[in-house]
Structure formats: structure tokens, C-alpha cells
Amino acid sequence: MIQFADEAIIEVRSGKGGNGCIAFRREKYVPMGGPAGGDGGKGGDVIFQVKRNLRTLAHMRYKQVFKARNGGDGMGSNRYGKNGEDVIIPVPPGTTLYDAETGELIREFTTESEDQQFLFLVGGKGGWGNVHFKTSTNQAPRTALEGKPGEVRRLRVELSIMADVGLVGFPNAGKSSLLDHFTNARPKIAPYPFTTKIPNLGVLHADSERDIIIADIPGIIEGASEGAGLGIRFLKHISRTAALLFMIDCSDDSCLTAYETLQQELASFSKELAAKPRIVLCNKMDTEGAEDRFHLVEEAVHKLNPEEVVIPLSILERRGLNNVREEILRLVETMEEQGYVGPRGVNKKNGNAQEKSDFLKSRSVCDVEPIQYPGSQE
């Protein structure tokens with residue numbers, strides 16, 4: 001848990017525009033040179049950029065303030081100030097931005113391609129130099145504009161890792177072993193509870209054109225919704241998945257109530273998550289008495305959900321794994337036909353669609369009236 005950063009509070013600041021300059025052209029043999037004060041440079045913007053090689057928000061743990069540079073002040077001889085440098089904040093796919101004060105959803109990075117950018121805060125405009133205020137009746141204006149200030153926002157950044165299928169189960173049910181068998185992930189596997197302490201991702205290669213991403217989260221125990229064990233803080237990482245895999249350990253009698261308990265814990269966290277389609281996997285069928293327990297679990301599951309698929313398997317003996325693989329592919333394909341958008345933003349029916357918040361539309365822009373800028377020189 002210590003090494004996995006999935007939440008952060010940060011402050012972002014766009015740059016202030018540079019001040020306009022009050023100056024006059026003074027050269028030998030050039031009478032009445034006139035105003036020559038340059039404009040200030042634009043302040044830097046705050047930009048978020050998707051980086052698919054990032055997996056956590058650890059880079060925001062030790063740096064909570066991201067500031068763009070201010071624009072440079074205008075200078076004499078009609079020289080403009082330098083534009084401020086933008087600050088670019090990298091985020092992994094699955095990142096969500098909220099206003100830290102109001103909780104307003106600002107942006108979800110779920111379908112963006114690599115290096116795609118989101119302009120969040122615009123830097124302040126540079127102020128005009130006195131060259132802009134010359135008129136037929138005011139040949140030597142001593143007026144310039146200050147640069148407009150930048151914006152400051154506090155954000156709550158949350159990460160939900162992007163996956164097609166989520167693995168859910170009690171500790172030591174065999175979730176990490178299944179992920180290890182099906183995918184290129186190599187999670188830690190050991191015969192003691194809570195071996196998995198952070199979410200793990202793996203890629204199941206369906207065919208030459210298709211991959212399915214599977215997420216394994218730390219084991220849930222009864223009372224997790226109230227904070228028992230590792231709690232349910234990692235359940236948000238499977239909130240966007242197309243389907244769930246319930247892994248049940250049939251090596252002891254606790255399996256008889258496992259399905260209902262898992263369903264209750266998920267419902268306590270999110271009714272939408274609990275309503276996702278799922279496959280029930282009964283693992284450790286190589287142990288004594290597992291066959292009888294499997295039939296009891298299957299009966300209990302079908303009593304609650306008659307159409308639920310229940311598959312017996314033994315990861316140790318590699319039994320039933322082909323059936324699991326085929327059922328996962330079938331279920332994800334069915335969900336895509338119904339409109340599911342996968343981690344890479346691809347959907348067979350609706351294409352790549354993303355909702356955007358009204359945050360940028362609601363921002364107000366204040367115009368600054370011409371003012372006397374006392375910091376300039378003639």
C-alpha cells in the first residue's frame with residue numbers, strides 16, 4: 001500500500017502576464033521619436049498530458065505545487081517580454097481530476113492517446129506597452145497595462161487503473177495465480193493472507209488484434225466496507241471494468257457463503273459495481289471435498305442469479321482454465337456490443353466518446369482597464 005499512490009492533492013498555478021512598458025524612442029537625429037514601450041509576455045499555461053508508461057501518482061507525492069512561469073515584462077525599443085514557460089503535468093490513463101474545494105468533476109482521462117494534452121489553466125495575458133496608446137492628440141502616452149494575473153486551483157487527483165476485467169475474492173483464493181497463468185503479470189504469490197497489497201495488471205492475449213486487460217486487487221474480507229482488513233480503497237480500480245471474476249476457494253466450508261458476502265461488500269461500496277456482469281470461478285478443485293462444495297456453491301449462486309456462469313477449475317493442476325479464458329472473451333465481447341468502452345478508448349458500437357465537464361465554459365474572463373504603471377521608465 002505504501003508503494004502504490006492512487007490519490008493526491010495538488011495546487012496548480014498558471015503564470016502571470018508580463019507588464020507593458022512605458023518607454024520612448026530616443027536616438028540622435030531622430031526628433032520626436034514617439035512611444036516605444038513593448039508588450040509584456042503571456043504567462044505560462046497549466047497542461048495535463050497522458051503518459052501510458054505511468055502506473056501511479058507517485059510523482060505527485062513529493063511535489064504538490066506545479067507552477068507555470070510568469071511572462072517577461074515589456075522593454076524599450078518595442079521589445080516584447082518573453083512568454084512564460086508552460087508547466088506540463090504527466091498523468092497515467094484512468095486519472096480523474098476534481099476540484100478539491102467543491103468536489104466538481106473536471107476531467108476523466110480514459111480515452112486519450114499517448115501524449116494527448118488537456119489545457120487546464122491559461123496563463124495571464126501580457127499587458128500592452130505605451131506604443132498602443134498613441135493618438136493624434138496624445139503623442140507621448142504615459143500609460144501601459146499590467147499583465148493579467150494567472151489562476152490558482154487546488155485539485156484532488158484520483159487514479160483508477162484501466163482494465164477490462166476485475167478479479168474479486170477473499171485472500172488466498174487464487175486470484176494472483178490466475179493472473180500469473182493468463183497474463184504477462186508476475187504478482188507475488190505466497191500461502192498467507194494479503195500477499196497482494198497493491199493492484200496488479202496483466203494482459204490476456206486473445207488474438208493478434210485483441211488484448212484483454214485483467215486487474216487483480218487485494219483480497220476482500222467480511223466487513224471490508226467498514227474498513228476491516230485492507231478495506232475497500234482499491235475497489236475503485238475495477239469500477240470501469242466490463243465484468244468481474246469472482247474467485248471462490250473451494251478447499252474449505254467458508255466457500256458456501258463467499259459469493260453472497262462478496263456481493264454484499266461490493267454493493268456497500270457501489271451499487272453499479274455490484275450490478276456488473278460476472279463469472280464465478282470455483283478454484284482448488286484438486287482438494288478433498290471440493291467437488292461436493294462446488295455443487296453447493298453453484299446451487300447457491302443460481303438461486304440468487306440463475307443465469308450466472310459458474311466454472312470449476314484448479315490452477316495448480318491446470319484444469320478448467322481454457323473454459324475460463326473462453327468465457328472471459330465471450331463476456332467482454334458481449335459488453336462491447338452493448339456500448340462498453342475499453343481501457344484504450346475503443347468500442348465496437350459507439351466509437352471513442354468522452355464526456356467533458358462544463359468547467360472551462362463556466363470560467364469568467366475579466367478585462368483590465370488601462371492603468372498607470374509606475375514601474376516603467378521613460
Side-chain angles (χ1 to χ4, degrees), residues 9-27 30 32-49 60 63-91 97 99-102 104 106-107 116-155 157 356-378:
I9 299 292
I10 63 172
E11 181 176 285
V12 294
R13 304 175 185 175
S14 60
K16 175 185 178 297
N19 298 315
C21 177
I22 297 176
F24 296 89
R25 184 181 180 187
R26 291 184 175 180
E27 296 180 38
V30 181
M32 295 189 300
D39 298 346
K42 175 183 172 297
D45 302 330
V46 176
I47 298 172
F48 287 90
Q49 185 175 54
M60 296 183 182
K63 182 180 179 181
Q64 290 89 30
V65 179
F66 295 85
K67 297 186 294 184
R69 295 292 183 89
N70 295 334
D73 292 341
M75 294 169 284
S77 302
N78 290 321
R79 289 177 294 172
Y80 284 22
K82 183 179 179 181
N83 289 338
E85 185 178 347
D86 299 334
V87 59
I88 298 178
I89 307 171
V91 293
L97 303 181
D99 186 283
E101 309 299 331
T102 65
E104 174 196 2
I106 296 173
R107 179 82 172 197
Q116 187 169 341
Q117 294 185 341
F118 166 54
L119 176 59
F120 177 53
L121 296 181
V122 179
K125 293 182 179 180
W128 281 359
N130 67 334
V131 68
H132 292 280
F133 299 98
K134 179 181 177 181
T135 66
S136 59
T137 58
N138 186 6
Q139 297 291 320
R142 285 175 169 76
T143 300
L145 291 180
E146 282 187 342
K148 292 186 178 180
E151 297 183 70
V152 179
R153 294 294 295 268
R154 280 177 55 81
L155 302 176
V157 187
K356 295 183 173 69
S357 75
D358 293 330
F359 168 73
L360 294 180
K361 298 178 183 177
S362 64
R363 291 169 58 193
S364 60
V365 178
C366 299
D367 293 327
V368 179
E369 296 297 329
I371 60 169
Q372 293 291 336
Y373 175 48
S376 301
Q377 61 182 9
E378 290 190 1

Using side-chain heavy atoms (C-beta onward) and a distance below 4.5 Å, is [X] in contact with [Y]?
{"X": "Ile22", "Y": "Phe133", "result": "no"}
{"X": "Val46", "Y": "Arg153", "result": "no"}
{"X": "Ile9", "Y": "Gln64", "result": "no"}
{"X": "Lys67", "Y": "Val87", "result": "no"}

Got a sec, which residues hit side chain to side chain contact (heavy atoms under 4.5 Å, CB included) with [X], two or more places apart in sequence or on another chain?
{"X": "Thr102", "result": "Asp99, Glu104"}
{"X": "Lys134", "result": "Pro35, Gln139, Pro141"}
{"X": "Val131", "result": "Asn78"}
{"X": "Tyr80", "result": "Asp39, His132"}

To the nearest 0.5 Å, tell me how far [X] [atom1] sits from [Y] [atom2].
{"X": "Lys63", "Y": "Ile89", "atom1": "NZ", "atom2": "CD1", "value": "8.0 Å"}
{"X": "Asp86", "Y": "Arg69", "atom1": "CG", "atom2": "CZ", "value": "11.5 Å"}
{"X": "Asn70", "Y": "Ser14", "atom1": "CG", "atom2": "OG", "value": "9.0 Å"}
{"X": "Leu155", "Y": "Glu101", "atom1": "CG", "atom2": "CD", "value": "10.0 Å"}

Could you report the tightest heavy-atom contact between [X] and [Y], atom names first, then the distance?
{"X": "Asn130", "Y": "Ala23", "result": "ND2-O, 3.1 Å"}
{"X": "Ala68", "Y": "Gly15", "result": "CB-N, 3.7 Å"}
{"X": "Val152", "Y": "Arg13", "result": "CG2-CG, 3.8 Å"}
{"X": "Met60", "Y": "Val91", "result": "CE-CG1, 3.8 Å"}

Under 3.5 Å donor-acceptor pairs involving side-chain atoms of residues 116-128, not counting sequence neighbours:
| from | atom 1 | to | atom 2 | distance (Å) |
| --- | --- | --- | --- | --- |
| Gln116 | OE1 | Ser113 | N | 3.1 |
| Gln116 | OE1 | Ser113 | OG | 3.4 |

Set of side-chain hydrogen bond (donor to acceptor under 3.5 Å, both in side chains) partners for Arg79, sequence neighbours left out
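Once residues adjacent in sequence are excluded, Arg79 has no partner under the side-chain hydrogen bond (donor to acceptor under 3.5 Å, both in side chains) criterion.
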Looking only at side-chain N and O atoms, does Asn19 offer a donor or acceptor that is under 3.5 Å from a partner on Lys16?
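Note: Lys16 and Asn19 side chains meet the donor-acceptor criterion.
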